[in-house]
Amino acid sequence: MGQTLIEQRVQKLADIRDMGIAPYPYRFETTHHSADIAARFDALSASEEQVRMAGRLIVTRGHGKAAFADLRDAKGRFQIYVRLDIAGDEAFALWQLLDIGDFIGVAGPVFKTRTGHITVQVRELALLSKAIRPLPVPKEEIRGGERVIHDQFSDKELRYRRRYLDLALNPDVQAAFRKRSATVSAMREFLDARGFLEVETPVLQPLYGGASARPFVTHHRVLDMPLYLRISDELYLKRLIVGGLERVYEIGKNFRNEGIDRTHNPEFSMLELYQAYADYSDMMTIAEELYVFVAEKVNGATTLEYQGQKIDLTPPWPRISMLDAIEKYSDIDVARASDAELEAACKRFGSDIKPSVERGVLINALFEACVEPKLIQPTLIIDYPRAVSPLAKGHRSEATLTERFEIFIHGWEMGNAFSELNDPLDQRRRFAHQKTLRDRGDEEAQVLDEDYLRAMEHGMPPTGGLGIGVDRMVMLLANAPSIRDVILFPHMRPQESRDADG
RNA sequence: GGGCGCGUAGCUCAGGAGGUAGAGCAACGGCCUUUUAAGCCGUGGGUCGCAGGUUCGAAUCCUGCCGCGCUCACCA
């Protein structure tokens, strides 16, 4: 089953060895990439300088005693021309044993063909790695200036499971991950310039906290104790604020044992930053500036198009209180509505609320149902109910609210920030309340972290904190429809390989 | 977890009123020393996701399972 294709290539491998050629050599010195020879063609062809280039063979066009072929390297693709009388008998014999997918190196001068195509004339040919499994390279043509790809490697399951093929065959995929890298670099550049210290806090935690979510549990063998993969790094970063670091951030993975869909992967990346002596208003400014800085670094623009929708990141973003937002989008005056009316409104907007939840939970549910999907342009929703914000400081003028905001873009929650709760007695009461929720069966209620409280009891300065979902930010910047398009190896159910042989 | 859809050659896809499979590309053989979805001639390649059932006969109809996608619910 499909074995003959591999057997044929293994035979070629043996033939190559019989020629005295090592099919897996150790290195190859290169002088140029694909983009370079196009950019410097005039100088290269005038000087008859020989270039040394390497890449993966993706197309061959044979002409008897000569052949054209395209190689792909990290910067694009380039054409080579192999001619028997120029490359020599041995190189040409090797050439005839090569396959699409092999890595090869070439050396020779650069010239233009009759049709004007910049091409490397092969004087020296080196096999750098023989591929024994076929590479399903699609065909490409240029039609009317547009690149048209035929039979593109497109099966999503295969693309995600065999990302190496996706990357090798679909150049746009590489581009998305380059944007991801640029995004994270820009975040660091932005924060480092503002005096933030990058830190690393535990991923394996004896207690999980900092967010409302179900955790993954593992077990430490020697200590014989359960450990949790963090759902957030928030409580550790705030301990560092207690320690006097003043400005810290971490970019890292969180793990949440929840559903998987287009915007959720079990492990995902968060940027969290904390700044002493700041409040949530400062975080609003940082959030806007950070977004703009990153967008300009990554895309060179502060506007973008996401899945056909124009989005303008230019600050300032509208700041609307949650209650005002609900009133605006639903005509419900939350301040005057009874709990029963709120519950009815939730149901009307399709949110099925568990009976007898707290008023703040109802308000939040109503907000999520009737407002969230409408927040396409960047919007800061501010002043969340206490009930859904156990780590946020009470609002300076509204007793039932906290100083918390979330960033919404394209109807998605893109960030979350507070004036951090630093009153240890209040924090203890909030944890106690979470415990009663947990005892009533709310598996996502937060767990009391006594050591965190102890830290806070030693004194924590007023602090602003901000968390931003990295994956979703990259989705926006790269116009990626699914979180799986911005995570190199997204979570997939394991599937037994049907051809388990190598 | 629910609903809808999909799973056929290495890849991209046809077929599907039930009669044991086709194309293009890739591969293999032949011709070809400036092509570019190179071209021309020829050849090989499939337990039609898995397991049952109906039937003389199943890729096709039915059931279950597995995987993927979209979507709803929970969550970032």
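First the proteins, then the strands, lettered A, B, ... as listed; each starts at 1.
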When the C1' atoms of G45(B) and G53(B) are compared, how many Å lie between them, rounded to an integer?
32 Å
Out of U36(B), G10(B), C28(B), minimum distance to the side chain of D99(A) belongs to C28(B)
Check your understanding: For U33(B), does either OP1 or OP2 sit under 4.0 Å from a side-chain N or O belonging to R83(A)?
Key -> no
Looking for any heavy atom pair under 4.0 Å, which part of the strands does N257(A) touch: base, sugar-phosphate only, or nothing?
-> nothing
For M270(A), report the nucleic acid contact type (base, sugar-phosphate, nothing); a contact means any heavy atom under 4.0 Å.
nothing
Using atom P in both nucleotides, what's the gap between C11(B) and U36(B) to the nearest angstrom?
28 Å
Note to self: Less than 4.0 angstrom between a side-chain N/O of K156(A) and OP1 or OP2 of G67(B), yes or no?
What the structure shows: no
U43(B) -> Watson-Crick or G-U wobble partner, both distances under 3.5 Å, gives A27(B)
Checking U33(B), U71(B), G67(B) against the side chain of H63(A) (C-beta onward), the nearest is U33(B)
- prompt: In whole Å, what separates the P atom of G39(B) from that of G2(B)?
  reply: 49 Å
Pairing partner of C68(B), by Watson-Crick or G-U wobble and under 3.5 Å for both distances, is G5(B)
Practice problem: Fit a plane to each ring of F367(A) and Y384(A), take the angle between them on a 0 to 90° scale, and name the class: parallel (under 30°), tilted (30 to 60°) or perpendicular (over 60°). | Solution: perpendicular
Rounding to the closest angstrom, what is the interatomic distance between A17(B) and G24(B) at atom C1'? 28 Å
Is any N or O donor-acceptor pair between the side chain of Q79(A) and the base of U35(B) shorter than 3.5 Å? yes
Mate of U63(B) across any strand shown (Watson-Crick or G-U wobble, both atom pairs under 3.5 Å) is A51(B)
Among U33(B), U35(B), C70(B), the one nearest any side-chain atom of R61(A) is U35(B)
Assign each of N265(A) and H491(A) the nucleotide of RNA chain B bearing its closest heavy atom; nearer the 5' end lies the nucleotide of H491(A)
Please give the distance between the P atoms of C62(B) and A26(B) as a whole number of Å. 38 Å
_With rounding to the closest Å, how many angstrom separate the P atoms on A58(B) and G15(B)?_
22 Å
With the side chain defined as heavy atoms from C-beta on, Y81(A) is closest, among A37(B), C68(B), U33(B), to U33(B)
- Task: Classify the side-chain pair E272(A)/Y274(A) by whether it contains a donor and acceptor separated by less than 3.5 Å.
- Result: yes
Which part of the nucleic acid, if any, lies within contact of S212(A), taking any heavy atom under 4.0 Å across all strands shown: a base, the sugar-phosphate backbone alone, or nothing? sugar-phosphate
Here the distance between atom P of A38(B) and atom CD1 of I80(A), to the nearest Å, is 14 Å
If pairing means Watson-Crick or G-U wobble with both distances under 3.5 Å, then the partner of C32(B) is none
Determine the Euclidean distance between corresponding C1' atoms of C25(B) and A14(B); express it in Å to zero decimal places. 15 Å
Select base, sugar-phosphate, or nothing to describe what F153(A) touches, counting heavy atoms under 4.0 Å on all strands. sugar-phosphate
Any strand, both distances under 3.5 Å, Watson-Crick or G-U wobble: A38(B) pairs with none
Handout entry: Pairwise P distance for A37(B) and C50(B), with rounding to whole Å
Key = 38 Å
